[in-house]
Amino acid sequence: MSISQEKNSDSLNHGTLSAKHASNSTVDEITYIVEKYFSGFSDSGLELTESKYFETVKAAQDELNDSNIAFKIVNEIKSDLSLFLRDTKYLIQSNLYLRATRPIRSEEESIGWHRESFYGPNLEACANIWTPIKNVTKNNTLQYIPGSHLIEDKDIKTKRTVSPKTIKGDVRNKIGFLYEPKKIISGVDFNNSKPLLVPFGSSNIFWGSLIHGSADNNCEKIRFSVDFRVIADKDYNSLMAKKFHAASNKPYFLPFCP
């Protein structure tokens, strides 16, 4: 077994897998679209009102989805994705999210600790694909709890909260912020958290049941990444799974046809 294989074997035990893209063409395309919308602002974007900022994020996210970026990413990592899902057939979330976090030390512009099964049936069977784009460092990258995908939901106590800023269906909600986030009260040891370190030109695949969350952005520039969910065809339950994506009004999952 090679060093890279051993490394990925350890990662799989943690619930993650690093997948190098077949080329940089899709990451370059994402970067081009992001820069088209954000090049007129400062590196931090802090001069913008929340309303203007989130409208800009939504416009860039819409173009990324119109360009079928999620499907292009999957096409570049399909061998690793098939290995992770143990299936060569899978469905892809129709709406990719652009995460554009300004250097604000709070959860107002990042997502707290969670797992996907908190927010919908059949999502416990999905995997997330997370791709860093710009200004992602070891100090501000996504955080996760290794092996936490093995903790059963019944062993995690959560508390339902209501966001003071996000309303169902508003622009914040459409770019991925939660209007009723669940806060983890017990059952998870956050002292074991690790940064998700992903090289440029790669994505990380991790189980939706893995406890993960965004770190505060501690650099002076906007941190950009994209993410979306996938699910193996064998694990997809058409009776339980979400039918439509509220943010886009598209079918929630679409089949991947390479």
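Values reported hereafter were calculated over all heavy atoms of this structure, with side chains retained and with hydrogens, waters and symmetry mates removed. Numbering of residues begins at 1 and proceeds along the displayed sequence.
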- Item | Minimum side-chain heavy-atom gap S225-W130 below 4.5 Å | yes
Is there a donor in the side chain of S25 and an acceptor in the side chain of E29, or the other way round, less than 3.5 Å apart?
no
**Prompt:** Run the side chain to side chain contact (heavy atoms under 4.5 Å, CB included) check on S202 and K20 step by step: do they pass?
**Reply:** CA-CA 4 Å; S202 296; K20 183 172 175 55; 3.8 Å; yes
Tightest non-hydrogen contact, residues E116 and N128, listed as OE2-ND2, 2.7 Å
Rounded to the nearest 0.5 angstrom, the OH-CG distance for Y90 and D233 is 11.5 Å
Kindly indicate whether the side chain of F84, heavy atoms from C-beta on, has any atom under 4.5 Å from the side chain of L17. yes
What's the verdict on ring pair (Phe, Tyr, Trp, His ring centres under 6.0 Å) for F177 and F54, showing C-alpha distance, side-chain angles and the deciding distance? CA-CA 11 Å; F177 291 100; F54 292 131; 5.6 Å; yes
Q: Look at the side-chain heavy atoms of Ile, Leu, Val, Met, Phe, Trp and Tyr, link any pair under 4.5 Å apart, and say whether L91 and L254 land in one connected group.
A: no
CZ of F118 to CH2 of W113, rounded to nearest 0.5 Å, is 12.0 Å
* Asked: Is there a side-chain contact between I145 and H212, using heavy atoms and a 4.5 Å cut-off?
  -> no
Heavy-atom closest pair (N173 atom, I167 atom, distance to 0.1 Å) is CB-O, 3.5 Å
Output yes when a side-chain donor or acceptor of H21 lies under 3.5 Å from a complementary backbone atom of A19, and no otherwise. no
K243 NZ: over 12 foreign heavy atoms closer than 6.0 Å:
yes
- Task: Give a yes or no on whether the ring-centroid distance for F244 and Y252 is below 6.0 angstrom.
- Result: no
Interatomic distance, CG@D80 vs OG@S18, rounded to 0.5 Å, equals 8.0 Å
Worksheet item: So, do N204 and I129 sit near enough that their side-chain heavy atoms are less than 4.5 Å apart?
Response: no
TODO: Return yes when atom NZ of K234 has more than 12 non-hydrogen atoms of other residues, nucleotides or ligands closer than 6.0 Å, and no otherwise.
DONE: yes
Rounding to 0.5 Å, atoms CG (L64) and OH (Y37) come to a distance of 8.5 Å
Any side-chain donor-acceptor pair under 3.5 Å between S23 and E76?
-> yes
Shortest non-hydrogen pair, V57 vs L98, comes out as CG1-O, 3.7 Å
query = Is it the case that one hydrophobic cluster holds both F256 and Y236, taking links as side-chain heavy atoms less than 4.5 Å apart, direct or via other members?
reply = no
Any non-hydrogen side-chain atom of F253 less than 4.5 Å from a side-chain atom of I92?
no
- Lys/Arg-Asp/Glu bridge criterion (N-O < 4.0 Å) met for K36, E63: yes
Q. Considering only heavy atoms from C-beta outward, does the side chain of I30 approach that of F224 to under 4.5 Å?
A. no
>> Check for me, please, whether F200 and I133 land in the same ILVMFWY cluster - side-chain distances under 4.5 Å, paths through other members count.
In response: yes
Q: Would you please test K165 and E50 for salt bridge (charged side-chain N to carboxylate O under 4.0 Å, His left out) and show each step?
A: CA-CA 10 Å; K165 292 195 171 187; E50 281 193 1; 2.6 Å; yes
In terms of heavy-atom contacts, R102 and G45 come closest through NH1-O, 2.8 Å
In terms of heavy-atom contacts, does NZ of K89 have more than 12 from other residues, nucleotides or ligands at under 6.0 Å?
no
(Q) Check for me, please, whether I222 and Y32 land in the same ILVMFWY cluster - side-chain distances under 4.5 Å, paths through other members count. (A) yes
The salt bridge (charged side-chain N to carboxylate O under 4.0 Å, His left out) partners of D62 (sequence neighbours excluded) come to K58
The salt bridge (charged side-chain N to carboxylate O under 4.0 Å, His left out) partners of K134 (sequence neighbours excluded) come to E35
Legend entry - Test item: side-chain donor near acceptor, N140 and N218, under 3.5 Å: no
Q. After noting the C-alpha distance and the side-chain angles of L48 and F41, does the key distance pass the side chain to side chain contact (heavy atoms under 4.5 Å, CB included) rule?
A. CA-CA 8 Å; L48 299 174; F41 311 137; 3.6 Å; yes
So, do K159 and K182 sit near enough that their side-chain heavy atoms are less than 4.5 Å apart? no
Across all chains, not counting sequence neighbours, the side chain to side chain contact (heavy atoms under 4.5 Å, CB included) partners of S117 are R115, E124, D153
Margin query: I'd like to know if the side chain of Y179 reaches the main chain of G169, judged simply by a donor and an acceptor atom lying under 3.5 Å from each other, with no hydrogens or angles considered.
Written below: no
ask   = Is the closest side-chain heavy-atom distance between T141 and V198 below 4.5 Å?
value = no
Between Y53 and A100 the two heavy atoms that sit nearest each other are OH-O, 2.9 Å
When rounded to the nearest 0.5 Å, the distance separating OG of S42 from CD of E47 is 3.5 Å
Would a hydrophobic clustering, with Ile, Leu, Val, Met, Phe, Trp and Tyr connected at side-chain separations under 4.5 Å, put L210 with I111? no
Within 6.0 Å of NZ in K72, more than 12 heavy atoms from elsewhere:
yes
(message) I'd like to know whether R229 forms a side chain to side chain contact (heavy atoms under 4.5 Å, CB included) with L123, so could you lay out the CA-CA distance, the side-chain angles of the two residues, the decisive distance to 0.1 Å, and finally the verdict.
(response) CA-CA 9 Å; R229 297 165 184 161; L123 291 181; 3.6 Å; yes
Output for pair (S51 OG, R172 CZ), nearest 0.5 Å, gives 11.0 Å
Output yes when a side-chain donor or acceptor of N65 lies under 3.5 Å from a complementary backbone atom of Q61, and no otherwise.
yes
| Any donor-acceptor N/O pair, N237 side chain to M240 backbone, under 3.5 Å | yes
- Task: Begin from the C-alpha positions of I185 and T158 and carry the test side chain to side chain contact (heavy atoms under 4.5 Å, CB included) through to its verdict.
- Result: CA-CA 5 Å; I185 304 300; T158 62; 5.6 Å; no
Note: P181 and T161 closest approach over all heavy atoms is O-OG1, 2.7 Å
